[in-house]
Every structure is written in C-alpha cells, then in structure tokens.
Amino acid sequence: MQTDFKKELNEQQLQVVLETERPLLVLAGAGSGKTRSLIYRCAWLIKEKKVSPQNILMVTFTNKAAKEMQERLQNILGFSVRYLWVGTFHHICTQILRNEITFLPFNRNFTIYDEDDQLSLLKKIYKEHNLDRERFPLKTVLNRISTYKNRLLLPEDLNEYNLEISMETYKFDRMVPKIYTIYQQNLLLNNALDFDDLLLYTAKLLQNNEIVRKKYQQQFQYVMIDEYQDTNYAQFEIVHQIASEHKRICVVGDDDQAIYSFRGATIRNILEFEKDYANALAIRLEQNYRSTSHILKLANAIILNNRHRHSKILWSELGEGFKPNLFVYNDDMEEANRTADLILQLYEEGIPFREIAVLYRTNAQSRIFEYAFLQRNIPYTIVGTVHFYQRKEIRDLLAYLTVIFNPSDNNSLLRIINEPPRGIGTTSVSRLLEYASQAHITLYQTIQNVQAVQTIQPGIRKKIAEFAEKLEDWHRKAQSTPVLDLVKEVIDSLDLINHYKNSQDPVEISRVENLIEFVSSVSEFSERWIEEYDKSPLLADFLPFVALQTDIDRVNETADTVYLMTLHNAKGLEFESVFITGLEQELLPHLRSMNSKYSIEEERRLLYVGVTRAKSRLFLSYARSRRKYDSFYFTEPSIFLQELDPNLFAGYNDAITFKRIPNRKTYIKPKSLTNKQFYIGQKVWHSEYGQGLVLNVDGTGPEARLTISFTSGKLAKIIASYVSPEPF
DNA sequence: TGAGTAGTGGTTTTT
DNA sequence: CCACTACTCA
C-alpha cells in the first residue's frame with residue numbers, strides 16, 4: 001500500500017497521512033484533495049500503524065460523506081471497517097448517549113425532535129402559559145435557545161433572569177430563559193431531545209463525568225474532524241474533551257468555506273487551534289485538483305473581497321478551460337427556461353445530467369426550475385427542499401412509529417390521536433390532557449385507561465380505547481417484529497392507502513405514492529442492515545437512522561438526473577457543470593444578511609463555495625425582476641458581481657456592465673427578451689428544436705414570424721416569442 | 001362536538 | 001402562492 005499512495009499524493013498531502021502523533025491543522029482549499037488525504041491517513045493508521053478501527057473517530061459533515069469514506073476505505077484496505085466510528089457529530093453523539101443512558105435524565109427510547117417537532121411543542125407551551133406569539137416569535141425564541149445550547153448554557157446558567165415578575169411584563173431577553181426552562185422540562189417529559197441537545201448532553205456528560213470521559217479518551221486514540229471551520233462551541237468541547245489528553249487529533253478546514261455561523265459555528269476553532277493544542281503542526285493544501293484555471297481565477301477574485309481571512313490562492317494544472325459565463329435575464333421565469341435550455345445543450349454535448357447542478361440561495365427558488373425542467377422532460381432531483389421525511393403523510397406515519405417506540409412522547413401522540421380522523425376532537429383531547437396532568441400520568445397512560453376519564457362521553461371513550469389498544473399491541477410487537485413488517489401492518493390497519501386514494505383532492509391522492517416510497521425506503525434500509533448485521537432491523541434500529549437522515553443522504557448516484565440544491569447543500573460536492581442563479585442584491589447576499597459586514601462576508605463565502613464546485617463549466621446568472629408571492633419586484637445585480645472585473649467572464653457584454661436599474665414599487669411587466677429585434681443570420685435557441693439560424697424575419701416584436709434553419713436539419717416558421725437569442 | 005371553509009400573515013441557510 | 005388559524009355549519 002505504501003508505494004501505491006505515495007505516487008497519488010503530493011508532498012503536503014503525504015504529510016497529512018504520516019504525521020499521526022501530534023496535533024495537525026490542515027488548511028485545505030476547495031478541491032485540494034482533503035478527503036483523499038483523510039482516507040489515506042485512516043488507512044495508514046489501520047494498515048501500517050496497526051490501530052484497530054474502533055480506536056479511530058472520524059467526524060464528517062454529512063451522513064453521505066461518512067458512508068463514502070467508509071466505502072472508499074474498505075476498497076483501499078480490502079476488508080470491512082464496520083467498527084470504525086465514522087459519522088456526523090449528531091450521529092456519533094446519539095450513539096454515545098445511548099451507550100451512556102444510565103447517566104442521563106431520559107431513557108433509551110428517546111425521540112429526536114426536528115424543527116417541526118420543536119415548533120409544535122413550543123406552540124403547546126405558549127397556549128398553556130398564555131404567551132404572545134407576536135412579542136415572542138416562535139422561531140426567534142427557538143433560535144435563541146439554540147444559541148444557548150450551542151454555547152453549553154443550560155437554563156440554570158441563566159438564573160440571573162429568573163426574577164419573579166409576571167410573565168407579561170418580561171421583555172424578550174428576559175422571557176427567553178423562562179421559556180427555555182419550560183421547554184427543556186417539556187422535552188424531558190416527552191423523553192425527547194432536539195438536535196442541539198444531542199451535542200449539549202454529550203458535551204456536558206464528557207465534562208462532568210470522569211468515568212465516561214476517560215472511557216472515550218481511551219477508546220478514541222486517533223481523532224479526525226472534517227469541515228472544522230463549521231463546528232460550534234459545543235462540538236469543539238466534545239472533541240476537546242476526547243482529544244486533549246492524547247492529542248492525536250487532525251482537523252481539516254477552510255476558513256473561506258465557513259458558511260454555518262447562523263448555527264453557532266465559529267471560525268475561532270480554526271484560528272485558535274494552534275493555541276488549543278500546543279505543538280500543533282499546520283499544513284496547507286493549496287493546489288486544486290478539481291477546476292480549470294478560469295474558474296479558479298473567478299473564485300480567487302470573489303473571495304479576495306473578504307477582509308477577514310487567511311490569504312490563500314487556489315491554482316491548478318488542469319489548463320485554462322472555459323471562461324465562466326454570466327447571463328442576465330429579464331425575469332426569474334426566463335432565467336429558469338434559459339437555464340433549462342442550456343442544460344439540454346450541455347447534455348447534447350455529452351455531459352450527463354448527473355454532472356450538472358443548479359444552485360441557488362433559498363429553497364423557494366427551486367420551484368420555477370422544476371416547472372421549466374418538467375416542460376422539457378429534463379430529469380431532476382431536488383436536494384433539500386421539502387424534506388421527504390417532512391411531508392405530512394410521512395410525518396404522520398413516523399409519529400405512529402415514534403409513539404410505538406417511545407410512548408412517553410405526548411407530542412407525537414397528539415399528532416396522531418385523530419389522524420386519520422376517528423372522531424376524537426379537540427374537546428375530547430383537552431379533557432384527556434386535563435385528566436393526565438391531574439393524575440400525573442402521561443397521555444399514553446391516560447388513553448390506556450380511558451374508562452377512568454368520566455368527563456368524556458362513553459361513545460368517544462370507546463373509540464379512544466380501540467385506538468389505545470392498537471398502539472399497545474404494536475408497542476409489544478415492536479420488540480421482536482422486523483420494522484418492515486411493522487410498518488406494513490400499521491399502514492394496512494389504518495387503511496391509509498384507501499384513505500388517501502378515495503379523497504377528492506389530488507394533493508391527498510398523491511400522498512399514496514409517498515407512502516409507497518416510504519415503505520420501499522424501509523425495505524432498502526432493512527436489506528442493508530441484514531447484509532451488515534445478519535439479522536432484521538427492529539423499530540429501535542430504524543428510528544434514529546431516520547431522525548438524522550437528510551435529503552442529501554438520499555441522493556442516488558445511479559440515476560442520471562440534474563441536481564437542484566441550495567448553495568449550503570452543495571458543500572463538499574463537485575460537478576462538471578454548475579449554474580449559480582439569482583445573483584441579486586437581497587437574494588445573494590440575502591436581505592437578512594445585509595445588516596453586517598461579517599454576515600455579508602459569509603454570503604460571499606457561500607458564492608465562493610458554489611463557484612468552486614465546478615470542474616469545467618460555470619454559469620452565473622441573475623434576473624432583473626423576480627416574482628415574489630404573486631407580484632413582481634425589480635432587482636439589482638449582486639454586489640458580488642459589481643466588485644468583479646467583467647473580463648473574468650465570457651458571454652454577453654451588456655450583461656457585465658452591471659447597470660443599476662432604479663427601484664420602482666409599482667409593477668411593470670418586464671420586457672421580454674423577445675422584444676428585442678431579431679435579425680437575419682442571428683443564432684437562436686428553441687426549446688424543442690434546439691439551436692438554429694434566422695433566415696428571415698417577417699414583422700416586428702414578439703409577434704414577428706421567423707424562418708429558422710435548425711442544426712437538427714429542420715426548417716420552421718416560428719413566432720418570435722418562442723425563441724431566444726443564442727447565448728454562446 | 002367535529003369537520004369543512006374563508007380569511008390572514010409570512011420565506012435564509014441546516015444537523 | 002401556501003400553510004396555518006379562526007370561524008361557521010352539520
């Protein structure tokens with residue numbers, strides 16, 4: 001193996017592999033082969049240094065990256081590394097918490113709450129305590145609580161705020177710790193943890209419990225952390241507690257790609273690494289093995305405008321390549337249509353769809369592209385919008401599974417108690433809750449003994465009892481029945497397929513498909529599980545997996561589809577061709593980030609991340625007007641474009657003067673591109689027939705009839721509004 | 001008491 | 001344009 005990889009790595013990468021015994025800080029530019037270096041380092045440890053896989057901890061940013069690392073490592077080593085600890089922080093923390101459950105205030109079957117669960121729990125709290133949702137907006141409060149947790153601050157650490165003043169008179173800052181206290185109590189009552197809790201409890205456990213800390217310090221002899229620039233204080237503390245003793249730690253990161261400060265990530269962890277770990281060695285990887293020079297030139301020029309960074313210039317030996325294109329469109333619809341046309345053209349040039357990605361700042365932007373792609377039969381996969389697991393029907397089904405697994409979870413039980421409708425309305429539910437709180441039992445226990453709740457009509461009591469009996473039956477079965485069989489039984493027994501199929505509403509009918517897809521995803525999960533562990537997975541194996549699963553993990557590489565995703569989701573990926581769309585003020589940089597220099601710099605890094613995803617073709621675009629809700633507004637080109645030298649781009653010249661258009665509040669229908677006069681000899685593009693040459697123009701404006709000779713051989717007369725000028 | 005309907009307010013990014 | 005809330009009818 002030694003001879004193998006020494007040829008494949010450059011000098012600095014080799015150093016990353018071989019320097020295993022001291023703290024290592026790897027400053028790795030985009031596309032500089034950091035993943036490869038990490039994998040070889042890991043292989044070196046196992047093969048040459050005879051380190052057992054279970055003594056290695058490797059933290060990645062996504063589950064997908066973890067899976068990839070594991071597979072590539074197995075290929076190199078030629079044997080299974082099942083016992084290697086590789087995964088995201090959240091995944092690894094979940095594992096640790098389950099192992100150490102005896103030291104924790106909740107039980108083994110805890111539920112992991114996502115944002116939707118958090119919101120519904122908080123809504124319930126607001127109702128019970130008469131809190132004003134306008135004065136204390138749910139999301140703002142949740143964000144603040146998250147910030148506290150990321151800094152490892154518990155409600156009791158904020159005690160100075162717990163003055164005995166009536167709730168209504170609290171100002172926001174004083175109210176949040178109060179809500180935080182109640183929120184934490186409620187999570188415990190539900191035997192539930194939110195995402196931040198996974199980190200918080202793990203960090204606190206390692207800090208305060210010497211037995212546990214020693215155990216993991218000894219187990220994880222070698223620690224590697226990817227994307228270190230995007231770790232927060234809680235994550236830092238977890239790593240530090242584990243690694244500060246033996247100090248065999250290797251972190252990899254790039255300050256220019258820090259894009260998660262809103263989640264508490266702090267660049268401090270990279271900047272202070274050499275202070276946190278004495279005798280640390282810093283290695284820089286600057287040679288890029290991904291993109292051609294024109295693309296890197298643009299990337300370097302963009303990031304040069306950030307003041308708070310380590311100077312770093314990417315270079316490659318892959319040749320000059322194509323200059324990036326910049327396109328200006330009149331509106332967002334045109335941007336989507338033209339992007340789709342360009343993608344078809346690339347496809348015809350031999351680039352598979354899976355090597356093409358369309359990136360944007362906000363999830364809402366995906367819809368219009370979907371529409372354009374559907375019209376042209378371009379296969380696509382959206383990564384990260386409405387998460388598959390967030391659709392109503394899937395969440396409902398998951399709520400059933402959650403209650404079956406963790407009966408203490410009132411929140412999930414409330415979600416399904418009348419879903420599908422079984423005649424248990426709000427009044428009955430509040431009577432159940434009232435009884436439960438007076439008797440100091442859970443909602444689940446209450447419905448198991450519903451005959452005791454005299455306030456509810458006997459008829460409804462009977463319905464509740466039937467429901468409760470079903471749940472209890474499944475709860476018993478779940479201990480031994482494979483999760484796939486259990487899921488099928490739940491769906492059958494609730495008659496969900498027919499429930500949705502028989503609806504008049506097409507939205508409801510479409511839910512059937514998702515249910516079927518869910519079953520097949522459970523089936524897929526089961527197969528993989530059986531392959532690895534030689535036994536069928538139970539519900540207890542499946543639920544934690546689902547909770548930490550994200551859309552990016554569901555990306556299926558075998559299908560040939562274009563990828564649509566946010567710039568955030570594109571991190572760590574690479575594509576032959578990349579489109580970055582919506583380069584407008586208030587979109588990129590986003591309006592909500594424009595109030596501070598620091599956050600503008602983060603937006604600029606976001607663009608930098610997008611640009612550095614491209615291997616050979618890069619297309620940037622913006623629209624002069626954009627639809628929002630149901631009206632148009634006018635846009636200005638992004639400041640990030642305005643600060644660049646236009647010569648970095650190929651393409652339209654008038655596009656790169658970045659003329660500002662005065663903002664108007666009233667809606668004026670944007671002039672379509674086709675208002676431009678077409679001329680004989682012009683190269684044009686048609687969505688169906690492709691590229692063509694104008695032979696004759698009859699009339700003016702969008703109504704003009706053009707005679708076009710298409711490269712496909714077809715000669716056609718076409719109304720001007722159906723074709724667009726050829727951009728290349 | 002529950003279910004269906006009209007009106008209202010709200011979009012950053014994610015584990 | 002969509003998801004959620006408050007209101008009305010069966």
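Below, read A as the first sequence line, B as the second, and so on, with proteins coming before strands; counting in each chain starts at 1. All values reported here derive from a predicted model rather than from experimental measurement.
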From [atom1] of [X] over to [atom2] of [N], roughly how many Å is that when rounded to an integer?
{"X": "A/Glu586", "N": "B/dT11", "atom1": "CD", "atom2": "P", "result": "16 Å"}
{"X": "A/Asn143", "N": "B/dT12", "atom1": "CG", "atom2": "P", "result": "10 Å"}
{"X": "A/Glu370", "N": "C/dC1", "atom1": "CD", "atom2": "C1'", "result": "14 Å"}
{"X": "A/Arg605", "N": "B/dT13", "atom1": "CZ", "atom2": "C1'", "result": "13 Å"}
{"X": "A/Asn569", "N": "B/dT15", "atom1": "CG", "atom2": "C1'", "result": "11 Å"}
{"X": "A/Tyr126", "N": "C/dT5", "atom1": "OH", "atom2": "P", "result": "14 Å"}
{"X": "A/Arg592", "N": "B/dT11", "atom1": "CZ", "atom2": "P", "result": "7 Å"}
{"X": "A/Asn63", "N": "B/dT14", "atom1": "CG", "atom2": "C1'", "result": "13 Å"}

Open item on the list: Between A/Gln457 and A/Ser593, which residue's closest nucleotide on DNA chain B lies nearer the 5′ terminus?
Closed with: A/Gln457
TODO: Name the residue closer to the 5' end of DNA chain B, choosing between A/Phe61 and A/Pro421 according to the nucleotide with the nearest heavy atom.
DONE: A/Pro421
If you only use heavy atoms from C-beta on, which nucleotide in [options] is closest to the side chain of [X]?
{"X": "A/Arg367", "options": "B/dG2, B/dT12, C/dC1", "result": "C/dC1"}
{"X": "A/Arg133", "options": "B/dT12, B/dT1, C/dT5", "result": "C/dT5"}
{"X": "A/Arg263", "options": "B/dT1, B/dT14, B/dT12", "result": "B/dT14"}
{"X": "A/His90", "options": "C/dT5, B/dT12, B/dT15", "result": "B/dT15"}
{"X": "A/Thr88", "options": "B/dT13, B/dT15, B/dT1", "result": "B/dT15"}
{"X": "A/Thr362", "options": "B/dT13, B/dG2, C/dT5", "result": "B/dT13"}
{"X": "A/His590", "options": "C/dC1, B/dT12, B/dT1", "result": "B/dT12"}

Task: Flag for A/Asn406-A/Thr111: side-chain donor and acceptor within less than 3.5 Å - done: yes
Task: Donor-acceptor side-chain pairing of A/Lys462 and A/Gln451 below 3.5 angstrom - done: no
Contact class for [X] (heavy atom, under 4.0 Å): base, sugar-phosphate, or nothing?
{"X": "A/Asn418", "answer": "sugar-phosphate"}
{"X": "A/Leu591", "answer": "nothing"}
{"X": "A/Arg431", "answer": "sugar-phosphate"}
{"X": "A/Tyr260", "answer": "sugar-phosphate"}

With respect to the phosphate group of [N], does any side-chain polar atom (N or O) of [X] fall under 4.0 Å of OP1 or OP2?
{"X": "A/Thr566", "N": "B/dT14", "value": "yes"}
{"X": "A/Thr427", "N": "B/dG2", "value": "yes"}
{"X": "A/Asn363", "N": "B/dT13", "value": "yes"}
{"X": "A/Arg361", "N": "B/dT11", "value": "no"}

Task: Atom CZ of A/Arg151: over 12 foreign heavy atoms under 6.0 Å - done: no
Task: Rounded P spacing from C/dC4 to B/dT13 in Å - done: 16 Å
- [ ] Mark yes or no: A/Arg268 above the aromatic ring of A/Phe236, with NZ or CZ under 6.0 Å from the six-membered ring centre and no more than 45 degrees from the axis.
- [x] yes
Task: Within the 6.0 Å centroid threshold, strictly below: A/Phe525 and A/Phe545 - done: yes
Open item on the list: I'd like to know whether the aromatic ring centres of A/Phe61 and A/Tyr260 sit less than 6.0 Å apart in this structure.
Closed with: yes
Task: Carboxylate-amine/guanidinium proximity below 4.0 Å for A/Glu601 and A/Arg309 - done: no
Open item on the list: Under the criterion of centre distance below 5.5 Å and interplanar angle below 30°, is A/Phe262 classified as stacked on the base of B/dT13?
Closed with: yes
